[in-house]
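First up is the structure itself, then whatever we jot down about it.
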Amino acid sequence: MHALIDCNNFFVSCERVFRPDLWGKPVVVLSNNDGCIISRSNEAKALGIKMGEPHFKAKPLLVKNNVAIFSSNYSLYGDMSHRVMQVLAQFSPDIEIYSIDEAFLSLKGFEHKNLSEYGREVRERIYRWTGIPVSVGIAETKTLAKAAANFAKITPKLEGVLELNNNALVDAALNKLDVGDVWGIGRRNAAKLNDKCIITAKQLTKLDDATIRKTLSITGLKTVQELRGQNRIPIELAPPPKKGITVSRSFGTPVTELQPLQESIATFTAKACEKLRKEGLAASAIIIYAHTNKHRKQDRQFNGSVTCELPYSSDNTANILHHSRECAVRIYKEGFRYKKAGIMLIGLQEKNNEQLELFNTVKTTDSEKEENLMQLVDGINKQLGNNTVFYAAQGINHKWKPTSELVSKHYTTRWSEVLSV
DNA sequence: TCTGGGGTCCTAGGACCC
DNA sequence: TCTGGGGTCCTAGGACCC
């Protein structure tokens with residue numbers, strides 16, 4: 001058996017922990033750049049506010065209903081997530097942290113327990129110790145546990161926990177579940193299935209494998225087998241190695257000149273390299289990209305990306321900045337209003353496992369001096385706050401900076417800020 | 001008049017997730 | 001005026017090999 005623990009309206013719940021006056025009131029959290037609505041309280045959902053809706057479009061409705069609005073505060077959510085996961089880890093050694101607000105537990109060896117009772121304990125302890133409400137789904141496979149958690153969330157009388165522990169219960173749940181709400185079946189696939197008159201998850205389980213394979217590919221077939229009770233998506237106790245690291249942002253105001261574009265890309269590069277070092281990885285290539293605002297039909301559009309193989313795998317900011325700045329020059333064209341840019345680090349490998357040159361005539365690794373400098377920079381920024389020291393290439397006058405006008409205090413990570421209130 | 005078969009690797013695009 | 005960010009996986013098609 002597997003359990004899925006899913007935090008309810010997670011970002012909104014994090015904000016409410018420090019703003020108890022907002023319990024029972026409509027609250028939303030916005031994406032970066034205050035662009036879209038990405039988390040809604042139940043009261044906000046009831047007002048008809050849609051997930052992913054642009055903030056500016058929803059504004060009249062938000063104002064009219066006196067909805068509390070927050071810019072996203074990822075350091076707060078990351079810290080709260082960590083707390084939730086720590087509590088959860090007390091319940092089973094076999095835990096897969098699936099996302100910032102969800103985790104799977106393997107309940108192998110717990111067969112003798114009353115699992116619903118166990119689920120209620122998990123829920124109560126997380127709420128008591130972190131203030132975050134969660135839903136718990138328990139079932140034979142991960143895909144069924146996801147479905148169970150969904151019902152646990154939206155059905156008040158279940159009080160947040162649903163265990164699908166016999167065929168009749170599974171059937172009842174799958175009959176009620178829209179095929180598009182199955183984990184792994186998205187909007188496009190749901191439309192394809194609806195065309196074939198497959199509306200519910202139960203109907204999907206009765207479709208023959210060849211048709212499923214043809215319509216939904218091999219991943220879809222695995223999903224259906226999971227719905228039938230066969231485990232095809234194993235718990236991942238250790239996170240698989242990363243294949244790429246991306247840092248990108250939309251600009252608060254459109255960028256038309258090279259210098260701010262370069263400075264933004266330098267800032268994203270520094271951030272990406274910091275992540276790289278944190279993971280103990282080195283990159284062998286980078287991709288720089290930038291594009292205009294596709295929603296502005298009246299503007300000339302541009303979508304560009306430049307790939308650059310690094311001479312040797314590296315995690316050194318100065319080195320990678322050198323190449324990313326060159327890419328920024330190559331990608332820039334006059335006469336466009338850039339809306340977003342970013343960097344992807346690819347060809348990742350473990351830092352201490354780099355390919356060495358057979359004949360040591362060219363530089364093939366970062367030098368010890370460079371390594372020491374990076375350690376020092378990371379150490380200072382960790383202790384004294386992000387960007388205490390930074391590269392001149394990042395600039396100091398970030399006109400492109402994303403808007404974030406409604407951000408809450410960093411209650412759990414920056415005491416200076418909280419104490420200054 | 002008529003132009004194979006079998007394989008690998010890479011890339012772009014599309015789908016999905018939170 | 002105003003539309004997020006960070007990932008993964010699969011497939012089809014092209015390039016290339018013998």
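Computed from a prediction, not measured in an experiment: that's the story for all the values here. Letters A, B, ... are given to chains in the order of the sequence lines, protein chains preceding strands, and every chain is numbered from 1.
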Exercise. Just do the ring pair (Phe, Tyr, Trp, His ring centres under 6.0 Å) check on Tyr118(A) and Phe110(A) with the steps written out, would you?
Key: CA-CA 9 Å; Tyr118(A) 194 67; Phe110(A) 291 61; 5.2 Å; yes
Quiz prompt | Strand-adjacent residues in residues 243-253 of chain A, judged by heavy atoms under 4.0 Å from DNA chain B | solution = none
Self-check item: Within residues 67-100 of chain A, residues whose heavy atoms come under 4.0 Å of DNA chain B
Solution: Tyr98(A), Ser99(A)
Donor-acceptor list for residues 383-390 of chain A side chains, cut-off 3.5 Å, not counting sequence neighbours:
unit_1: Thr388(A); atom_1: OG1; unit_2: Leu384(A); atom_2: O; d: 3.2
unit_1: Thr388(A); atom_1: OG1; unit_2: Gly385(A); atom_2: O; d: 2.6

Considering every strand and a 4.0 Å limit on heavy-atom distances, what is the contact class for [X]: base, sugar-phosphate, or nothing?
X	answer
Lys214(A)	nothing
Val182(A)	sugar-phosphate
Leu30(A)	nothing
Asp34(A)	nothing
Lys294(A)	nothing
Glu53(A)	nothing
Asn32(A)	sugar-phosphate

Quiz item: Want to settle it: does Ser31(A) or Ile218(A) sit nearer the 5' end of DNA chain C, counting the closest nucleotide to each?
Solution: Ser31(A)
Self-check item: Whichever of Lys222(A) and His295(A) has its nearest DNA chain C nucleotide further upstream toward 5'
Solution: His295(A)
Practice problem: Dump the intermediate steps for side chain to side chain donor-acceptor pair (under 3.5 Å) on Asp366(A) and Ser314(A), then the final yes or no. | Solution: CA-CA 6 Å; Asp366(A) 298 319; Ser314(A) 171; 2.9 Å; yes
Quiz prompt | side-chain contact (heavy atoms from CB on, under 4.5 Å) evaluation trace for Thr215(A) with Asn189(A) | solution = CA-CA 8 Å; Thr215(A) 320; Asn189(A) 283 332; 5.9 Å; no
Self-check item: Sub-6.0 Å ring centroid separation between Trp23(A) and Phe18(A)
Solution: no
Exercise. Verify the ring-centre separation between Phe11(A) and Phe70(A): is it less than 6.0 angstrom?
Key: no
Separation between [atom1] of [X] and [atom2] of [Y], rounded to the nearest 0.5 Å:
X	Y	atom1	atom2	answer
Asn42(A)	Asn8(A)	CG	CG	7.5 Å
Lys243(A)	Leu281(A)	NZ	CG	13.0 Å
Leu62(A)	Leu47(A)	CG	CG	8.5 Å
Arg249(A)	His398(A)	CZ	NE2	12.5 Å

Quiz item: Heavy-atom distance under 4.5 Å between the side chains of Ser284(A) and Ile346(A), does that happen here?
Solution: no
Practice problem: Answer whether the closest heavy-atom distance between the side chains of Leu321(A) and Tyr391(A) falls below 4.5 Å. | Solution: yes
Quiz prompt | Sequence neighbours excluded - salt bridge (Lys or Arg N to Asp or Glu O under 4.0 Å) pairs with any residue from residues 297-310 of chain A | solution = Arg296(A)-Asp299(A), Asp299(A)-Arg337(A)
Exercise. Check every nucleotide of DNA chain C for an atom under 4.0 Å from a heavy-atom of chain A, then give the first and the last such nucleotide from 5' to 3'.
Key: dT1(C) to dT11(C)
Quiz item: With rounding to whole Å, what would you report as the distance between dC17(C) and dG4(B) at their C1' atoms?
Solution: 14 Å
Quiz item: Which heavy-atom pair separates Leu276(A) from Ala283(A) by the least distance, and what is that distance?
Solution: CD2-N, 3.9 Å
Quiz item: Once Watson-Crick and G-U wobble pairs under 3.5 Å are found, how is DNA chain C written in dot-bracket notation, 5' to 3', with | for any base paired to another strand?
Solution: ....||||||||||||||
